[in-house]
Amino acid sequence: MTVAIGIGILVAGGVYLLLQRGLVRVTFGFVLLGHAANLLFLSAGGTRLREAAIVGTADPALMADPLPQAFVLTAIVITFGVTVYLFALAASRHGGDDDTERLP
Amino acid sequence: MILVLVLAALVASAALAPFLERWLGRDAGWPLAAIFLVLAGVVASTGPQVVHHRPVLVQWPWLPTLDVVFALRLDGLSLLFALLILGVGALIMAYCTRYFSHGTHAGIYLLLTLFAASMLGLVLADDLVLLFLFWELTSVCSFFLIGNAGLAAAAPANRALLLTVMGGLGLLAAVVLVSVSAGTTQISVILRGFDWAAEPGFTALVAVLLIFAGFTKSAQVPFHFWLPDAMAASTPVSAYLHAATMVKAGVYLFMRFSPAFAGELVWTVPLVAGGLVTAIVGASLALKQHDLKALLAYSTVSQLGYLTALVGIGTPEALGAAALHTIAHALFKATLFMLVGIIDREAGSRDVRKLNGLWRVMPVTATLMGLAAMSLAGIPPALGFVSKEKIYASFVDFDGPEWVGWSLGGLAVVAAVLTFAYGVRLLHGAFGGPTVQRRLTEPSWPFRIPAAIASLAGIVLGIAVSTLSPLVEQVVLDTRLVRGDPHLELWPGLSPELVMSALTIAIGLWLFRARVPVDRWLQRRQLPFSGVGVFERCYDALVRAGGGVSALTRGLSPAVQVPPVVGSLLVLGAAGLWWGVPLAPRLPGASRVEDWIVVAVLAVSVLAITVTRSRVGAIGLLGVIGFVVAVWFLMLGAPDLALTQMLIEFLTVAVAVLALSRLPARFHPGGRLRSGAVAVVALAAGAGATALALAFTGRRGPSGVRDYFLEASKEETGGTNVVNTILVDFRALDTLGEVTVLVAVAVGIAALADGTPLLPGRLRSTGASPSGPIENRADNAIVLTVFGRLLAPVIIALSVYLLLRGHSAPGGGFIAALVAGAGIALAYVATPAPERVSRRWPSTALAGAGLTIAVVDGLVGLAGGSFLRPFHGEVEVLGVTLKGSTSLIFDVGVYLIVVGMVVTALRRLGSGLSADLARGGPGMSESGETSGTEHTDRNGGSE
């Protein structure tokens, strides 16, 4: 329930920013959507069991699902990569600034 | 085994063909023809075994998890087609040596041999998946062989490919349906052991799909137009693929599946009707052609129609006739094509209006053409006469009401009369009349020999037709599962068929005598549309429709792209709600009290980031949101994710500062109307996302794959940090793909920064006097500089430690690299002259090296049986046991890639920045570049 609401908040904020003019805000929206997708992944694995999946540190019966975590870990880094690329795009000299709707 | 060898030999010959061609030039066809001949001999040597009902089998496990077997099976039907493929192939290869001029023809020899291998595989395949694979391969070979003929052949090659591949999709659908239903993909088992009568609807669906596939491949009306179109290919290709072999793949498919469908109405009616319509339409179109090659193409369409109709009749007699006519047609049609190619080469034209009286200068060619035309027109003693008799008999003896049989026979006679007429037109057009080109001579014997062999074989086999009896009998047995004597004789005595034959010849002769008015009448009959035109219009409309759909989401701005996507997702979601999806009940305990705190902080910070107009403020809020998410990750039992997320937040801020110092301080103003509309879309999307998450998650217990990883991790990889073992051991291939994306990002940033210069930095004055303590940048940074120098090496050492321990505690390549990245960012900021220093830092090269290490590690894994398989071991050094795994090497690759990407980002985004700032802002250094900006807040935008 809580994760679902969190996802909703992030998606709403993400879509709102995605629909703005400046590429920087669009990028921020993209980052928020990334958070939402990552949380959705963890939620798919289940949020009832919350012990870290490190063998020997807890009862395995209580450990969280490690597979979505592995997916999300790489997803976080890829989101970062794309974010950086978008920043570079925003800072490159295409127009006077990062406006996406007034391109030369 | 012998079948695999033959197939492998053909593939090897294809690989060899370019080398042969380089060595022998166009004469490379001779050794290839010899290879084809030897292979034909090898296949023929199994003949005695095959015709005694003992097919040759090969079965190799291929995709065991899908129960797909590399199964080949040579029964009578396969033997018939295999001999045609290899025999005609040998003739064509020999013909190529003289048809082609001197020059490079490596491609055509390679493709022709590869095609022969695919076609042979098609007729030998005893597995549905294999059959489909070879079926598509023949289409692809055909595409390249047509396209090989030059620019003008590009459009026909495309059309032929699109149509045959469309049919291939039908075949694929049938393959999937049948293999799922039957539980096996082995054709011989499915045809004999599957109860086709149990589900008539299913059987009908499969039959229709197979008929669709066969109709496109064998150019049946309404898909017939691609075949004459494909005559843009060179003559050997037309003779081999588009007359003798590939276009018969459809007929082969019908014959192969006859045991299952013969006698079913849904099979018989389309095949007989479509086949006879094609036979008559094709023949009448052939009769009005002026181009000899086009005439032959329509003739092939017509003859394929005959064969299709025969298989549709489905009686043992009809299938025997189809087998016999397949041989006859391959022989006479290959001959006719080769001879037309010779005429084209010698006389320089294929147009009957330009050719005249060639029989005086090319008597041998004329005679060979005459013999082949006899077979085409069904005149004794050619093989075509015997097969035509059998065809008549099969139609008349149709297994149904007598009047149907006679009507079918009547239609067959109509098609045969037209065939006779265009056969004579072919001969008369090329060879009749006064000789115009008196200086022409016969071509060299090597050019004529292949055609001569095929032509004479058509006559010899007609006279000695009884030698084909065992083979034809076996084909009948294979396709109808009943034994019957095919009664193959040249002179069966007086019979209704003989009368029909006589009638055919008589009317055909009359048509030829009346050729002038007939031709005039035919030329006036023009359909208002052509198949090619209709196809092109449909194709264009399809492409336009696709463009229209994609235009909805194709714009430079996300504001154009996103709303249609969000809208359609919402519509889909609403539809799902409307119809309802069966869902398990939600399990309790998914939420905890402390979660609500996180949700509250998240809600406030997301709201703030959407309303703020300050760029710096937004960056801070983005960091807050990222930290909140990281905390949530920690609460959800994902320490690795939490660590990663926090480090990413740090780096994002570092990079964002470099980028944002080049941009105005405030975001663009958005109108109130726009903000309102966007807010509505955003809230709808958020509500939809919550609904989706509620609907599809939290409704099941721990998954089996989770249990597996938790149990197997320590035992199989030696690592206890399960997330890390998944990344570098269990699913390392996925990780490799993902880090490749990061390499692409690094290269992309480098290319972007190299290609278009970045915006210059903007100096933000605080308003204090430049000499005051706040504005004095160098002095202000002194604490950071000192600590940065001290800390950076420590941080990097820490990162190496995290990398090494990643397998058994939070850490690993990604996290360690991000820690190192943080250290590098600190060092970058702390250096008074970051640009000068960082220029020496390796960036994209680092990422490339990392990728190389990861891939090499994967290749080492091949030694252990599969790509990326890690080796584990223990080494004793000075009495201490060190456990190790090669997956660490993979993780080192990941580490280097991520570090490389971070360094690239810092270096490229920071480039020129300190110089800009030192000069006091862009206005002084590059005023020309930025004077166009409308934003005037570069000096007054303090927050």
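Protein chains get the first letters and strands the later ones, always in sequence-line order, with residue 1 at the start of each.
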- Which value, rounded to the nearest 0.5 Å, describes the distance between A/Ile78 atom CD1 and A/Thr83 atom OG1? 11.0 Å
- Under 3.5 Å: donor-acceptor pair, side chain of B/Thr644, backbone of B/Ile815: no
- Item | Close side-chain approach of A/Asp65 to A/Leu49, heavy-atom, < 4.5 Å | no
- Query: Can you tell which of B/Arg592, B/Gln561, B/Arg586, B/Arg731 has the highest number of heavy-atom pairs within less than 4.5 Å of chain A?
  - Reply: B/Arg592
- Against chain A, label B/Thr740 side chain, backbone, both or neither, depending on which of its atoms sit under 4.5 Å from a heavy atom there. neither
- Query: Can you find a heavy atom in the side chain of B/Phe814 that is under 4.5 Å from one in the side chain of B/Val739?
  - Reply: yes
- Item | Contact leader toward chain B among A/Gly13, A/Gly81, A/Ala58, where contacts are heavy-atom pairs under 4.5 Å | A/Gly81
- Note on the structure: Residues passing the salt bridge (charged side-chain N to carboxylate O under 4.0 Å, His left out) test with B/Arg706, sequence neighbours excluded, are none
- Message: I'd like to verify something: which residue of B/Gly701, B/Ser808, B/Ala682 has the highest number of heavy-atom pairs under 4.5 Å with chain A?
- Response: B/Ala682
- Note on the structure: Turns out that what part of A/Val72 lies under 4.5 Å from chain B's heavy atoms comes down to both
- Task: Let me know if A/Leu18 has heavy atoms under 4.5 Å from chain B in its side chain, its backbone, both or neither.
- Result: both
- Taking every heavy-atom pair that is under 4.5 Å apart, which of B/Val629, B/Thr904, B/Leu636, B/Leu643 has the most such pairs with chain A? B/Leu636
- Query: Can you tell if the side chain of A/Phe87 reaches within under 4.5 Å of the side chain of A/Leu23, non-hydrogen atoms only?
  - Reply: no
- Query: By a 4.5 Å heavy-atom criterion (distance strictly below it), what part of B/Val599 contacts chain A: side chain, backbone, both, or neither?
  - Reply: both
- Working to the nearest 0.5 Å, report the span between CD1 of A/Ile76 and CD of A/Gln69. 10.0 Å
- Task: Could you tell me whether a side-chain N or O of A/Ser43 sits under 3.5 Å from a main-chain N or O of A/Leu39, the two making a donor and an acceptor?
- Result: no
- Task: Measure B/Val705 against the heavy atoms of chain A and call it side chain, backbone, both or neither at under 4.5 Å.
- Result: side chain
- Message: Does any part of the side chain of A/Phe71, heavy atoms only, come nearer than 4.5 Å to the side chain of A/Asn38, both counted from C-beta?
- Response: no
- Message: Please check: side-chain N/O of B/Thr612 versus main-chain N/O of B/Ala608, any donor-acceptor pairing under 3.5 Å?
- Response: no
- Message: Please classify the contact between B/Val723 and chain A as side chain, backbone, both or neither, with a heavy-atom cut-off of under 4.5 Å.
- Response: both
- Taking it one step at a time, do A/Val31 and B/Ile625 satisfy side chain to side chain contact (heavy atoms under 4.5 Å, CB included)? CA-CA 10 Å; A/Val31 173; B/Ile625 294 168; over 6 Å; no
- Query: Of all of B/Ala905, B/Ala656, B/Ala677, B/Ser703, which one pairs up most often with chain A through heavy atoms under 4.5 Å apart?
  - Reply: B/Ala656
- Task: Check for a donor-acceptor pair, side chain of A/Arg48 on one end and backbone N or O of B/Arg700 on the other, with a separation under 3.5 Å.
- Result: no
- Which answer fits B/Leu909, side chain, backbone, both or neither, if we ask what part of it has an atom under 4.5 Å from a heavy atom of chain A? side chain
- Donor-acceptor contact present, side-chain A/Arg25 to main-chain B/Thr610, <3.5 Å: yes
- Residue, of B/Phe696, B/Phe730, B/Trp596, that accumulates the most heavy atom pairs under 4.5 Å with chain A: B/Trp596
- Got a donor-acceptor contact below 3.5 angstrom from the B/Ser661 side chain to the B/Leu658 backbone? yes
- Toward chain B, the part of A/Val84 with a non-hydrogen atom under 4.5 Å: both
- What pair of heavy atoms forms the shortest contact from B/Leu758 to A/Ser92, and how long is it? CD2-CA, 3.6 Å
- What part of B/Ala687 is in contact with chain A, defined as an atom under 4.5 angstrom from a non-hydrogen atom: side chain, backbone, both or neither? neither
- Is it the backbone or the side chain of B/Leu742 that comes under 4.5 Å from a heavy atom of chain A, or both, or neither? side chain
- Note on the structure: Residue from A/Thr74, A/Val11, A/Leu19 scoring the most non-hydrogen pairs under 4.5 Å with chain B is A/Leu19
- Item | Pairs of heavy atoms under 4.5 Å with chain B: top-ranked of A/Leu62, A/Val3, A/Val15, A/Val55 | A/Val55
- Cut-off 4.5 Å, heavy atoms of chain A, and the answer for B/Ala753 is neither
- Query: Of the backbone (N, CA, C, O) and the side chain (C-beta and beyond), which part of B/Pro810 lies under 4.5 Å from a heavy atom of chain A, both, or neither?
  - Reply: both
- Return the option, out of A/Glu51, A/His35, A/Gln20, with the maximum number of heavy-atom pairs under 4.5 Å with chain B. A/His35
- Item | Residue pair B/Leu634 / B/Pro639, side-chain heavy-atom distance below 4.5 Å | yes
- At a heavy-atom separation under 4.5 Å, does B/Leu651 approach chain A through its side chain, its backbone, both, or neither? both
- Selection from A/Leu10, A/Val82, A/Ile7 maximising heavy-atom pairs under 4.5 Å formed with chain B: A/Leu10
- Considering only heavy atoms, which portion of A/Ile5 lies under 4.5 Å from any heavy atom of chain B: side chain, backbone, both, or neither? both
- Can you tell which part of A/Leu73 gets under 4.5 Å to a heavy atom of chain B, answering side chain, backbone, both or neither? both
- Task: Test side chain to side chain contact (heavy atoms under 4.5 Å, CB included) on B/Thr735 and B/Val728 and set out the steps.
- Result: CA-CA 7 Å; B/Thr735 309; B/Val728 299; 5.7 Å; no
- Note on the structure: The interface call for B/Val894 against chain A, heavy-atom contacts under 4.5 Å, is neither
- Item | Residue B/Leu692 versus chain A: region with a heavy atom under 4.5 Å | side chain
- When B/Met901, B/Gln645, B/Arg699, B/Arg908 are compared by non-hydrogen pairs under 4.5 Å with chain A, the top option: B/Gln645
- Message: With chain B as the partner, which of A/Gly56, A/Ala44, A/Ala64 has the greatest number of non-hydrogen pairs under 4.5 Å?
- Response: A/Ala44
